[in-house]
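Protein chains get the first letters and strands the later ones, always in sequence-line order, with residue 1 at the start of each. Remember, it's a predicted structure, so these values are computed and weren't measured experimentally.
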Amino acid sequence: MLTILFDGIAYGMLLFVLAVGLAVTLGLMNFINLAHGAFAMAGGYLTVFAMQKFGVPFLACLPLAFIVVALAGAVLERTLYRPMYGKPHLDQVLFSIGLAFMAVAAVDYFVGSSQQNLHLPEWLRGRTEIGDGATLLGMGHYRLFIIGVCAVLTVVLQLILSKTRFGSRLRAAVDDPRVAAGLGINVNIVFMLTFAVGSGLAGLGGALGAEILGLDPTFPLKYMIYFLIVVSVGGTSSITGPLAAALLLGIADVAGKYFIPKMGAFTVYLLMILILMWRPQGLFTRKGGR
Amino acid sequence: MQRRHLIQTAGLSAIALAAALSLPVASAQDNKFKIGLILPMTGQSASTGRQIEAAARLYMAQNGDTVAGKKVELIVKDDTGLPDVTKRLAQELIVNDKVNVIAGFGITPAALAAAPLATQSKTPQVVMAAATSSITEASPYIVRSSFTLPQVSVVMGDWAPKNGVKSVVTLVTDYGPGNDAEKFFSERFQLNGGKVLEKLRVPLRNPDFAPFLQKVRDAKPDALFVFVPSGAGAAVMKQFLERGMDKAGIKMIATGDVTDDDQLNDMGDGALGVVTSHHYSAAHPSALNKKFVEAFQKANPKMRPNFMAVGGYDGMRVIYEALKTTKGQGGGEALLAAMKGQVFESPRGQVLIDAQTRDIVQDVYLRKVEKKDGQLYNVEFDVIKGVKDPGKAK
């Protein structure tokens with residue numbers, strides 16, 4: 001029982017790191033970026049290659065994935081994304097899904113479409129068990145590690161958004177870019193940084209998730225639905241919303257598959273429908289703003 | 001009036017021109033024998049496509065491209081693993097390219113999508129990969145050179161109870177082959193006095209095996225029987241170990257798709273000792289297989305041939321031999337008749353194309369993952385001779 005809860009939390013946390021970048025671009029910047037999964041995939045492949053080809057230790061790969069993908073995000077924001085900000089949402093959807101398909105095809109062409117295997121260091125592979133019988137709590141070390149990393153990330157993100165000067169600037173820039181610019185905030189820079197961080201988080205999520213979710217060129221499309229569920233259920237205006245939604249979905253998914261395997265993956269969709277009927281704007285929504 | 005006349009002349013001359021152009025093409029075609037190979041070269045099952053294409057080209061390189069006075073031409077098309085694309089490509093190949101045989105078919109839905117076209121156009125369809133039992137029943141023109149899941153699953157259902165496995169949980173991917181594997185393994189296993197505690201079906205696009213494996217662990221069977229399409233095997237294996245299930249006394253048994261030769265080395269030492277039943281291993285100890293593996297790896301340095309490759313290789317042989325028997329004359333019917341009942345030695349051992357079912361009859365091996373020269377291999381330790389597809393027994 002407790003093991004299921006634990007697995008669910010770990011899975012949810014992973015979904016959160018993968019999706020939070022999307023929540024940032026979608027909610028804060030009001031830009032629909034369906035290519036988000038492609039950034040995650042980039043992080044995953046980067047990790048696999050850094051480890052296999054250059055023998056970089058796993059722990060060093062995580063920040064590497066974050067930084068490289070964030071840089072790529074910044075470059076793409078400058079060149080491709082910025083002209084799309086003013087466009088209608090449909091254009092943004094078409095544009096970004098096109099990017100996602102291109103990423104899929106590119107990876108397929110250059111790397112091949114077979115599953116990539118990550119070889120974790122020994123100390124992350126074991127498992128610790130506490131108690132027995134119905135209250136047995138079995139914790140895979142890697143899942144424990146994911147929970148730890150994600151918890152730290154959440155706190156840091158929340159602090160940046162609510163307590164720092166950059167956070168206030170970002171919120172101002174989002175609420176009314178013209179007035180913010182008039183107050184001397186460089187809206188372009190703020191947006192670029194935000195987009196870069198969002199992409200970097202996706203890259204980190206991809207690096208962390210490659211072991212559990214598997215990594216092949218269809219990754220961006222395979223998980224797009226999960227990202228979108230997390231973001232739509234959680235609402236896009238805060239960090240806590242997607243976090244709560246990701247945890248809820250992670251636990252529901254794992255528990256659903258455990259207790260009613262016949263329902264398989266459907267539990268998540270059912271839950272999403274129920275929540276969205278009850279709160280169409282998502283679980284947590286910020287009043288005011290736009 | 002004059003204008004109409006002009007149009008008529010133009011039309012007639014165009015037709016005449018087209019006819020003139022098509023004539024030499026038609027006569028050139030008499031000396032050509034075209035094989036339309038439809039495979040997933042991109043997308044999820046791309047490794048299947050690459051293996052089969054490599055093996056087919058190897059067969060042609062070894063046996064020459066002129067058979068019975070005809071020049072054999074291989075036309076490879078990528079269906080990306082989508083059945084509607086398969087159907088369109090099959091149609092194009094049959095109608096426009098006028099191929100003599102269609103072959104390939106990475107997944108069951110793709111093979112089924114092309115079946116009605118094979119029937120209508122009387123074109124033999126050689127299935128080199130897809131492994132659901134019912135495929136050969138979809139058209140009287142289908143011949144199979146791969147294997148069927150019931151064929152390999154029942155062997156495991158016989159072996160396991162004799163080797164200390166009294167209870168199992170089955171875990172299969174929820175689609176045609178998976179359902180076949182589940183059904184035929186459980187039936188045979190129960191017939192031998194074993195107990196199936198639970199049957200789990202995993203969605204085809206399953207992100208995380210954790211909840212299913214936890215359920216297996218809590219059910220405490222002697223063994224877990226797994227079928228997942230090749231590629232997903234590594235993930236199951238990894239999480240099986242991560243969950244400490246081997247230490248909890250649960251064995252892992254599977255069909256050979258899980259320890260696919262193409263991916264086995266990447267799975268790491270955790271795969272050691274896993275017992276599977278299948279019709280081909282790159283480590284099959286026959287002279288013919290040694291030659292096959294060597295030639296395959298020489299032509300494709302980064303690949304190791306797997307069961308898909310051998311399906312493609314033997315499929316080409318079936319087509320070549322049929323062409324020889326018919327001396328390059330005769331259409332689809334004659335070719336089909338010549339394909340039925342072929343007996344030959346394949347890199348996997350002795351095989352027969354059953355004349356009644358058009359399905360392959362072959363030896364099924366029990367193998368254990370072992371390390372040889374620093375590489376992981378499925379090493380065979382037992383064999384069941386001449387297994388017919390049990391799905392056709394009724």
Side-chain angles (χ1 to χ4, degrees), chain A residues 1 3-4 6-8 10-11 14-15 52 104-105 108-109 112-120 124-129 134 136 138 140-143 209 211-219 221-223 225-226 250-251 253-268, chain B residues 40-51 78 80-81 169 171 174 198-218 229-239 241-245 247-248 260 262-271 302-303:
Chain A
M1 268 306 289
T3 310
I4 290 298
F6 173 83
D7 283 345
Y11 187 44
L14 191 59
L15 283 183
Q52 280 177 358
V104 169
D108 202 315
Y109 183 78
S113 54
S114 58
Q115 282 272 343
Q116 300 293 330
N117 290 310
L118 209 63
H119 293 287
L120 288 178
L124 275 174
R125 273 196 227 157
R127 180 180 167 89
T128 310
E129 291 183 0
L136 175 89
H141 292 166
Y142 187 64
R143 281 169 204 256
E211 167 77 6
I212 288 185
L213 305 177
L215 189 65
D216 62 73
T218 56
F219 188 93
L221 303 174
K222 208 150 102 185
Y223 291 100
I225 299 161
Y226 283 83
I251 295 169
D253 194 31
V254 172
K257 281 175 184 161
Y258 180 84
F259 290 109
I260 358 173
K262 288 225 160 54
M263 291 262 291
F266 188 67
T267 328
V268 170
Chain B
M41 301 303 293
T42 52
Q44 275 200 317
S45 22
S47 91
T48 302
R50 290 189 186 160
Q51 287 270 352
D78 177 14
T80 68
V169 172
L171 185 141
D174 195 1
E198 191 115 36
K199 294 177 181 175
L200 300 174
R201 288 184 180 184
V202 188
L204 194 52
R205 295 193 142 196
N206 188 53
D208 188 4
F209 288 100
F212 296 103
L213 289 176
Q214 186 61 33
K215 198 162 179 77
V216 175
R217 202 182 162 173
D218 293 347
S230 78
V236 180
M237 190 90 67
K238 236 184 224 178
Q239 299 203 5
L241 295 169
E242 189 210 2
R243 215 144 281 275
M245 298 179 56
K247 290 189 192 81
D260 184 349
D262 202 19
Q263 307 225 334
L264 188 55
N265 252 327
D266 284 344
M267 291 185 192
D269 290 352
K302 279 186 179 165
M303 282 159 80

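For B:Lys215, the parts lying under 4.5 angstrom from a heavy atom of chain A are both the backbone and the side chain. Heavy-atom distances place both the backbone and the side chain of B:Arg243 under 4.5 Å from chain A. Only the side chain of A:Asp7 comes within less than 4.5 Å of a heavy atom in chain B; its backbone stays farther off. Of the two parts of B:Ala235, neither the backbone nor the side chain holds a non-hydrogen atom closer than 4.5 Å to a non-hydrogen atom of chain A.
Inter-residue side-chain proximity for A:Lys257 and A:Thr267 is flagged as unmet; no heavy-atom pair is nearer than 4.5 Å. Between A:Val254 and A:Phe6 there is no side-chain heavy-atom pair separated by less than 4.5 Å. Inter-residue side-chain proximity for A:Leu118 and A:Leu215 is flagged as unmet; no heavy-atom pair is nearer than 4.5 Å.
Scanning all heavy atoms of the two residues, the minimum distance from A:Arg143 to A:Ala10 falls at CB-CB, 3.6 Å.
Per-residue counts of heavy-atom pairs under 4.5 Å with chain A were compared for B:Arg201, B:Met267, B:Lys238; the largest is that of B:Lys238. Listed options B:Gln263, B:Arg217, B:Lys247 were ranked by heavy-atom pairs under 4.5 angstrom with chain A; first place goes to B:Arg217.
The CG atom of B:Asp262 sits 10.0 Å away from atom CG of B:Leu264, with the distance rounded to the nearest 0.5 Å.
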